[in-house]
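Heads up: the structure comes next, in structure tokens.
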Amino acid sequence: MMRHHQAEILYASDVAQLMGKSQQAVTNLIKRESDALPPGRFKVGRLWAWKRSRVMDWLENLDAEEATAPQEPRRRPGRPRATPASPQALRG
């Protein structure tokens, strides 16, 4: 929830809202020190915070990177399987 419409400081809940994630998801990313969050976070009391300008710049750059990055096929989780033999190879 945004404390002030143009607040200079954004808290985890504000960043979560801007990113379209839940506050719990952002909290988990903070605990894992993930690169999926804007850089430059700092603590205000017991709450994590970011400067609005850094978050907005990061989000703009993130959009630009996604537009130019080639899409790679996503791998399914789990152990890779051997390629099945073709029906012709099975016949002999």
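The analysis underlying the following values was restricted to heavy atoms, covering all of them including side chains, and did not include hydrogens, waters or symmetry mates.
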Mind listing the closest non-hydrogen atom pair of [X] and [Y] along with its distance?
| X | Y | answer |
| --- | --- | --- |
| Met19 | Ala36 | CE-O, 3.2 Å |
| Phe42 | Lys51 | CE2-N, 4.0 Å |
| Ser13 | Gln23 | CB-OE1, 3.6 Å |
| Ser22 | Ala16 | O-CB, 3.6 Å |
| Trp58 | Asp35 | CZ2-O, 4.1 Å |
| Val44 | Ala49 | CG2-CB, 3.8 Å |

pair Arg54-Pro38: side-chain heavy atoms closer than 4.5 Å: no
Close side-chain approach of Arg41 and Ile30, heavy atoms under 4.5 Å: yes
Trp50/Met56 under side chain to side chain contact (heavy atoms under 4.5 Å, CB included): CA gap, chis, key distance, verdict: CA-CA 10 Å; Trp50 290 261; Met56 299 315 278; over 6 Å; no
Nearest-0.5 Å distance, CG of residue Leu10 to CG of residue Leu47: 12.5 Å
